[in-house]
Engineer: 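One structure is given below, represented as structure tokens, and several questions about it will come after.
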Number of protein chains: 2
Amino acid sequence: MIKITIQEVAEKYDLSKDTLRYYEKEGLVGPIEKNKSGSREYQEADLERIEFVKCMRSAGLSIAVLKKYMRLYDEGASTKEARLKLLEKERELLKEKIDYMEDAYKKLNYKIKLYKENKI
Amino acid sequence: MIKITIQEVAEKYDLSKDTLRYYEKEGLVGPIEKNKSGSREYQEADLERIEFVKCMRSAGLSIAVLKKYMRLYDEGASTKEARLKLLEKERELLKEKIDYMEDAYKKLNYKIKLYKENKI
DNA sequence: ATACTACTTATAGTGTACTCCAAGTCAAGT
DNA sequence: ACTTGACTTGGAGTACACTATAAGTAGTAT
């Protein structure tokens, strides 16, 4: 059973300690266990959750959505359907965003091409 | 020579009138011409710029970056190199973001698959 | 004992991008 | 003449996601 400090988690995932505590306060992760002196001790399961949250945040899922998902998760098996619905909805939104971004990427590419061909 | 009201532009591009005025204040578009009574009259060139700005904003380019690009643009031909550099940098950042989002999309897909196979 | 470092909490502050509001102007319709 | 509706401005307010600060504690090194 591993035990990792907040500092180590912050370095491992390139998140600030403040952000990790903020995520915990918002219920996106944890609650994280504390040792006798009150410091957080992250465990394997916590790290998995943090990795998931970081990945989803970097994709633009909001704190509110992740909070809701985690709340449902903590409520147990009866919320499976709701969680699935939530994930599918977010997947749709993400798909749309990716499409927009790829469109913008193509436009940027085209504009850069024009610049390079001295047409601007 | 077309002349379009702010209302029509807002509807056409699904941006609020406040946002259009905000973009103008920040120098992302315009300055837009006004008629005798002080109302904005958007013209073709304005619309093209708005479309570009909207597209780039939806891809996550910041107001600050677009402002800088437009400022360079207004400074004339001598800033071509700087503009190209800026666009190439933003293209790189955009590429990274798309990669992150596609990774998240795959993870979401996988998770949804697990849910549907009743493995969660 | 003292200094140093890393942690804790609660709360305040920041940056970004809008979004809303108040007060006023203008043109058209009744 | 008066109301209605859409516009104008400057400035205040909001939402989101952190980020920083202050005050304190706990463990380690000298």
Side-chain angles (χ1 to χ4, degrees), chain A residues 3-43 46 49-50 52-70 90 93-94 97 100-101 104, chain B residues 3-43 46 49-50 52-70 90 93-94 97 100-101 104:
Chain A
K3 285 175 182 180
I4 307 179
T5 67
I6 194 168
Q7 172 92 33
E8 288 163 335
V9 177
E11 279 161 15
K12 187 169 163 65
Y13 294 102
D14 196 29
L15 295 167
S16 77
K17 287 176 281 180
D18 276 330
T19 298
L20 287 169
R21 283 185 286 248
Y22 169 67
Y23 284 174
E24 184 179 352
K25 197 171 72 179
E26 293 298 319
L28 271 53
V29 298
I32 310 298
E33 296 235 330
K34 311 273 181 73
N35 62 18
K36 332 87 210 154
S37 61
S39 295
R40 287 171 177 78
E41 285 180 341
Y42 290 81
Q43 294 172 22
D46 298 324
R49 220 167 180 180
I50 287 166
F52 176 69
V53 166
K54 188 194 166 165
C55 177
M56 294 304 137
R57 283 292 303 128
S58 80
L61 272 74
S62 71
I63 298 285
V65 160
L66 294 170
K67 190 172 178 167
K68 183 170 182 187
Y69 178 76
M70 295 310 183
E90 292 306 313
L93 293 174
L94 187 49
K97 250 194 278 183
Y100 277 123
M101 292 176 84
Chain B
K3 286 175 181 180
I4 307 180
T5 67
I6 193 167
Q7 172 91 33
E8 288 163 334
V9 177
E11 277 162 16
K12 185 169 165 65
Y13 293 102
D14 196 29
L15 294 167
S16 77
K17 286 177 280 180
D18 275 328
T19 297
L20 287 169
R21 283 185 287 248
Y22 170 67
Y23 285 174
E24 185 180 351
K25 197 171 70 178
E26 292 300 317
L28 271 55
V29 298
I32 310 298
E33 295 235 331
K34 313 275 181 72
N35 62 19
K36 334 84 211 155
S37 60
S39 295
R40 286 171 178 77
E41 285 180 340
Y42 289 81
Q43 295 173 22
D46 298 325
R49 222 168 179 179
I50 287 166
F52 177 69
V53 166
K54 186 193 167 168
C55 178
M56 294 304 137
R57 282 293 304 127
S58 80
L61 272 73
S62 71
I63 298 285
V65 160
L66 294 171
K67 190 173 178 166
K68 183 171 182 185
Y69 178 76
M70 295 311 183
E90 292 306 313
L93 293 173
L94 187 48
K97 250 194 278 181
Y100 275 122
M101 292 176 84

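Everything numeric here is computed off the predicted structure, so don't read it as measured data. Throughout, a chain's letter reflects where its sequence line sits, starting with A, and its residues are numbered from 1.
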Engineer: The side chain of B:Thr19 is closest to which nucleotide in this list: C:dC18, D:dC7, D:dA17?
Structural biologist: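 Among the listed nucleotides, the one closest to the side chain of B:Thr19 is C:dC18.
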Engineer: Quick check for you: among D:dT8, D:dC7, C:dC7, whose closest atom lies nearest to any side-chain atom of B:Gln7?
Structural biologist: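 Selected nucleotide (nearest to the side chain): D:dC7.
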Engineer: Does A:Arg21 make a side-chain N or O approach to OP1 or OP2 of C:dT9 shorter than 4.0 Å?
Structural biologist: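 Answer is no, no contact under 4.0 Å.
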Engineer: Out of D:dA26, C:dT8, C:dT19, which has the shortest distance to the side chain of A:Arg40?
Structural biologist: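 Of the options given, the side chain of A:Arg40 lies nearest C:dT8.
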Engineer: Heavy atoms from C-beta onward define the side chain here; which of D:dC7, C:dC7, D:dG27 lies closest to that of A:Ser37?
Structural biologist: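 Shortest atom-to-atom distance from the side chain points to D:dG27.
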Engineer: Whole angstroms only, please: what is the CG-C1' distance between A:Leu20 and D:dC18?
Structural biologist: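 Distance check: A:Leu20 CG to D:dC18 C1' gives 12 Å.
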Engineer: Any side-chain heavy-atom pair from B:Tyr23 and B:Arg57 closer than 4.5 angstrom?
Structural biologist: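 Of all side-chain heavy-atom pairs linking B:Arg57 with B:Tyr23, at least one is under 4.5 Å.
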Engineer: Roughly, in whole Å, what's the span from CG in A:Leu61 to P in D:dC18?
Structural biologist: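 Distance check: A:Leu61 CG to D:dC18 P gives 12 Å.
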Engineer: Output the single nucleotide from D:dT19, D:dC7, C:dC7 whose closest atom is nearest the side chain of A:Lys17.
Structural biologist: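 Of the candidates, C:dC7 comes closest.
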Engineer: In whole Å, what is the span from the CD1 atom of B:Ile32 to the P atom of D:dT8?
Structural biologist: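 Answer to the nearest Å: 10 Å.
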Engineer: To the nearest angstrom, how far is B:Ile6 atom CD1 from D:dA6 atom P?
Structural biologist: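 In whole Å, D:dA6 P and B:Ile6 CD1 are 13 Å from each other.
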Engineer: How many Å lie between OH on B:Tyr22 and C1' on D:dA12, as a whole number?
Structural biologist: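 Distance check: B:Tyr22 OH to D:dA12 C1' gives 15 Å.
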Engineer: Output the single nucleotide from C:dC18, C:dC26, D:dA17 whose closest atom is nearest the side chain of B:Arg57.
Structural biologist: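 Comparing C:dC18, C:dC26, D:dA17 against the side chain of B:Arg57, the answer is C:dC18.
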Engineer: Please pick, from C:dT9, C:dC18, C:dC26, the nucleotide with the shortest atom-to-atom distance to any side-chain atom of B:Tyr23.
Structural biologist: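 Nearest to the side chain of B:Tyr23 among the choices is C:dC18.
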Engineer: Specify the separation, in whole Å, of atom CD of B:Glu41 and atom C1' of D:dT8.
Structural biologist: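 Going from CD in B:Glu41 over to C1' in D:dT8 covers 14 Å.
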Engineer: Quick one: label A:Lys34 by what it contacts on the DNA or RNA (base, sugar-phosphate, nothing), any heavy atom closer than 4.0 Å.
Structural biologist: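 Touches sugar-phosphate only.
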Engineer: Would a distance-only check, ignoring hydrogens and angles, find a side-chain to backbone donor-acceptor pair under 3.5 Å from A:Glu90 to A:Leu61?
Structural biologist: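 Such a contact is absent between A:Glu90 side chain and A:Leu61 backbone.
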Engineer: Rounded to whole angstroms, how far apart are CG on A:Asp18 and P on C:dT14?
Structural biologist: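 Value for this atom pair: 15 Å.
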Engineer: Quick one: on DNA chain D, does A:Ser16 or A:Lys36 contact a more 5' nucleotide (nearest heavy atom)?
Structural biologist: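 Closer to the 5' end of DNA chain D: A:Ser16.
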Engineer: For the pair A:Lys54 (side chain) and A:Tyr13 (backbone), establish whether a donor and an acceptor sit closer than 3.5 Å, ignoring hydrogens and angles.
Structural biologist: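 Here the side-chain-to-backbone pair exists.
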Engineer: Hey, does B:Lys25 reach any base, or is it just sugar-phosphate, or nothing, if we go heavy atoms under 4.0 Å?
Structural biologist: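 Answer is nothing: B:Lys25 stays at 4.0 Å or more from every strand.
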Engineer: Rounded to whole Å, please give me the gap between CD in A:Glu26 and C1' in D:dA15.
Structural biologist: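 Rounded to the whole Å, the gap is 13 Å.
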Engineer: Taking the side chain of B:Thr5 as heavy atoms from C-beta outward, which of D:dT8, D:dC7, C:dA17 is closest to it?
Structural biologist: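 It is D:dC7.
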Engineer: Could you tell me whether A:Asp18 and A:Arg21 make a salt bridge, using a distance below 4.0 angstrom between a side-chain N and a carboxylate O?
Structural biologist: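 Looking at A:Asp18 and A:Arg21, the cut-off is met.
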Engineer: Does the side chain of B:Met70 come within less than 4.5 Å of B:Val53's, by heavy atoms?
Structural biologist: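 Side-chain contact under 4.5 Å: yes.
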